[in-house]
Amino acid sequence: MDILTCGIVDDDPQAVHLLNTYLSKMQNVRLLFKTNDATEALVKLRKYQPDILFLDVEMPELTAFDLIKWVNLGTKVVLCTAHRQYAYDGFEHRVADFLLKPVDFARFFDVVTRLRESQFHAILNGTRIAQDYFLVNAKDKLKNYKILFEDILYMEAVEGGVKLVLREEEIMVSESLTRVYRALPKNLFVRISNAFVIGTEYYKNYANAKVYLYHVAEPFPISRMKHLAKDFFDWLNEHKL
């Protein structure tokens, strides 16, 4: 049987210890990381892609819903909370299940078993996310492509889907830009507007509210709407000397 990998993020050390103890009672389960710090969790989520992430809702600095956008699509998020109302909010944020604190082992066992039996990696209309690539159906559904992350220059929202612009070709897929973006590693791709997501490996410079990429002649305008450009500026500040 394949090993089920997990991560735990909770600012309560006792809650982390309890979940870790529960995991140790189960076979073919490996804990990739555990942390009490939501900021540290961002670093861990860039490095690891666990099959299941146990995530506390209310934490200092960042909430679970802030962290979820950094979680890869292949990871099943399980909210851990003492407040039942968050469970309903969670299902609007791609949450697989929830555990009500104090967490009971029987309920914990049921959730992990159910998620183990489901596919480890989410599949949306033929799109499968892996460590360094994804498989996607072309818009006409007649072809399926293996897309390496490193080959993607940028993605553009177009009528009826997304245009993936690669080093050597362009591929149309029938997904929204938002759904594709949420599925991709945030250290490799950032959204700069409602219409464009760029590959950070090809970032050249930013000037006069425009982003320039290597191998692309025309610059990309940055959105004036702060929430659409936030990921880009966060990435830019994070990588400044």
Side-chain angles (χ1 to χ4, degrees), residues 3-26 28-124 129-131 178-179 181-189 227 230-231 234 238:
I3 298 294
L4 187 76
T5 58
C6 302
I8 303 173
V9 181
D10 196 313
D11 64 321
D12 180 357
Q14 292 184 342
V16 172
H17 177 73
L18 179 64
L19 294 183
N20 191 25
T21 300
Y22 285 171
L23 287 174
S24 68
K25 296 180 180 180
M26 304 190 69
N28 300 305
V29 173
R30 178 161 60 95
L31 182 66
L32 292 180
F33 68 87
K34 58 181 178 179
T35 179
N36 305 123
D37 188 294
T39 303
E40 182 184 359
L42 287 175
V43 177
K44 298 294 187 183
L45 289 170
R46 291 189 181 100
K47 183 177 181 181
Y48 300 106
Q49 296 184 25
D51 296 315
I52 301 177
L53 178 66
F54 298 98
L55 188 57
D56 183 29
V57 175
E58 293 183 328
M59 294 177 288
E61 299 180 351
L62 296 170
T63 70
F65 303 118
D66 294 322
L67 286 173
I68 283 175
K69 70 177 183 179
W70 296 93
V71 177
N72 286 290
L73 187 61
T75 297
K76 306 292 187 182
V77 176
V78 177
L79 289 185
C80 302
T81 175
H83 306 284
R84 188 176 294 273
Q85 68 269 22
Y86 286 130
Y88 301 104
D89 296 336
F91 289 116
E92 298 180 0
H93 292 79
R94 196 174 51 79
V95 169
D97 213 324
F98 76 98
L99 292 169
L100 197 62
K101 294 182 177 180
V103 178
D104 174 77
F105 179 70
R107 167 66 177 155
F108 178 88
F109 183 86
D110 287 343
V111 168
V112 173
T113 300
R114 181 178 64 80
L115 294 180
R116 183 202 289 279
E117 291 173 351
S118 68
Q119 293 174 317
F120 281 173
H121 300 281
I123 297 176
L124 290 176
I129 306 301
Q131 296 293 322
T178 296
R179 294 186 76 182
Y181 179 52
R182 286 176 179 172
L184 299 175
K186 297 303 179 286
N187 60 323
L188 297 181
F189 300 93
H227 73 282
K230 181 180 183 300
D231 287 353
D234 286 348
E238 183 180 335

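Residue numbers count from 1 along this sequence. These numbers were taken from a predicted model, which means no experiment stands behind them.
Within a 6.0 Å radius of CD in Gln14, other residues, nucleotides and ligands contribute 12 heavy atoms or fewer. By the 6.0 Å contact criterion, CZ on Phe109 is open, its count of non-hydrogen atoms from other residues, nucleotides or ligands being 12 or less.
With sequence neighbours excluded, the residues forming a salt bridge (charged side-chain N to carboxylate O under 4.0 Å, His left out) with Arg107 are Asp97, listed by chain and number.
The two atoms that bring Pro60 and Asp11 nearest to each other are CD-OD2, 3.5 Å, heavy atoms only. Between Pro50 and Thr5, the closest heavy-atom pair is CA-OG1, 3.5 Å. When every heavy atom of Ala15 is checked against every heavy atom of Lys101, the shortest pair comes out as CB-NZ, 4.2 Å.
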*Can Thr21 and Phe105 be said to form a side chain to side chain contact (heavy atoms under 4.5 Å, CB included), step by step?*
CA-CA 10 Å; Thr21 300; Phe105 179 70; over 6 Å; no
*When you look at Asp10 and Leu19, which way does the side chain to side chain contact (heavy atoms under 4.5 Å, CB included) test go after all the steps?*
CA-CA 10 Å; Asp10 196 313; Leu19 294 183; 5.6 Å; no
_Could you go through Cys6 and Leu53, starting from their C-alpha distance and side-chain angles, then the distance that decides it, and tell me whether this counts as side chain to side chain contact (heavy atoms under 4.5 Å, CB included)?_
CA-CA 6 Å; Cys6 302; Leu53 178 66; over 6 Å; no
*Given the rule in the salt bridge (charged side-chain N to carboxylate O under 4.0 Å, His left out) test, do Glu238 and Arg46 qualify, once you have shown the distances and angles that lead to the verdict?*
CA-CA 13 Å; Glu238 183 180 335; Arg46 291 189 181 100; 3.0 Å; yes
*Would you check, one step at a time, whether the test salt bridge (charged side-chain N to carboxylate O under 4.0 Å, His left out) holds for Lys230 with Asp234?*
CA-CA 6 Å; Lys230 181 180 183 300; Asp234 286 348; 2.6 Å; yes
*Which is it for Leu79 and Phe65 under the side chain to side chain contact (heavy atoms under 4.5 Å, CB included) test, yes or no, and what are the steps along the way?*
CA-CA 10 Å; Leu79 289 185; Phe65 303 118; 4.1 Å; yes
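The aromatic ring centroids of Phe108 and Phe54 lie less than 6.0 Å from each other.
Between Val78 and Leu115 there is a side-chain heavy-atom pair separated by less than 4.5 Å. Met26 has its side chain out of reach of Asn28: every pair of non-hydrogen atoms, C-beta onward, lies at least 4.5 Å apart. Between Asp231 and Phe189, every side-chain heavy-atom pair lies at or beyond the 4.5 Å cut-off. Between Asn20 and Lys34 the shortest side-chain heavy-atom distance falls below 4.5 Å. Residues Leu42 and Leu62 have side chains in contact (heavy-atom distance under 4.5 Å, counting atoms from C-beta outward). Taking the side chain as every heavy atom from C-beta outward, Val9 and Leu67 approach each other to under 4.5 Å.
With rounding to the nearest 0.5 Å, the separation of CD1 in Ile68 from CG in Leu45 is 10.5 Å. Atom CG of Leu55 sits about 14.5 Å away from atom CZ of Phe98, to the nearest 0.5 Å. Going from atom OG1 of Thr39 over to atom CG of Asp37 covers 4.5 Å, rounded to the nearest 0.5 Å. Rounded to the nearest 0.5 angstrom, Leu18 CG and Leu23 CG are separated by 9.5 Å.
Judged by distance alone, with hydrogens and angles left aside, the side-chain atoms of Asp51 form no donor-acceptor pair with the main-chain N or O of Leu4 at under 3.5 Å. Under a 3.5 Å cut-off, the side chain of Tyr22 and the backbone N or O of Val103 do form a donor-acceptor pair. Not a single donor-acceptor pair under 3.5 Å links the side chain of Thr75 to the backbone N or O of Val71. Side-chain atoms of Thr63 do not come within 3.5 Å of backbone N or O of Val57 as any donor-acceptor pair.
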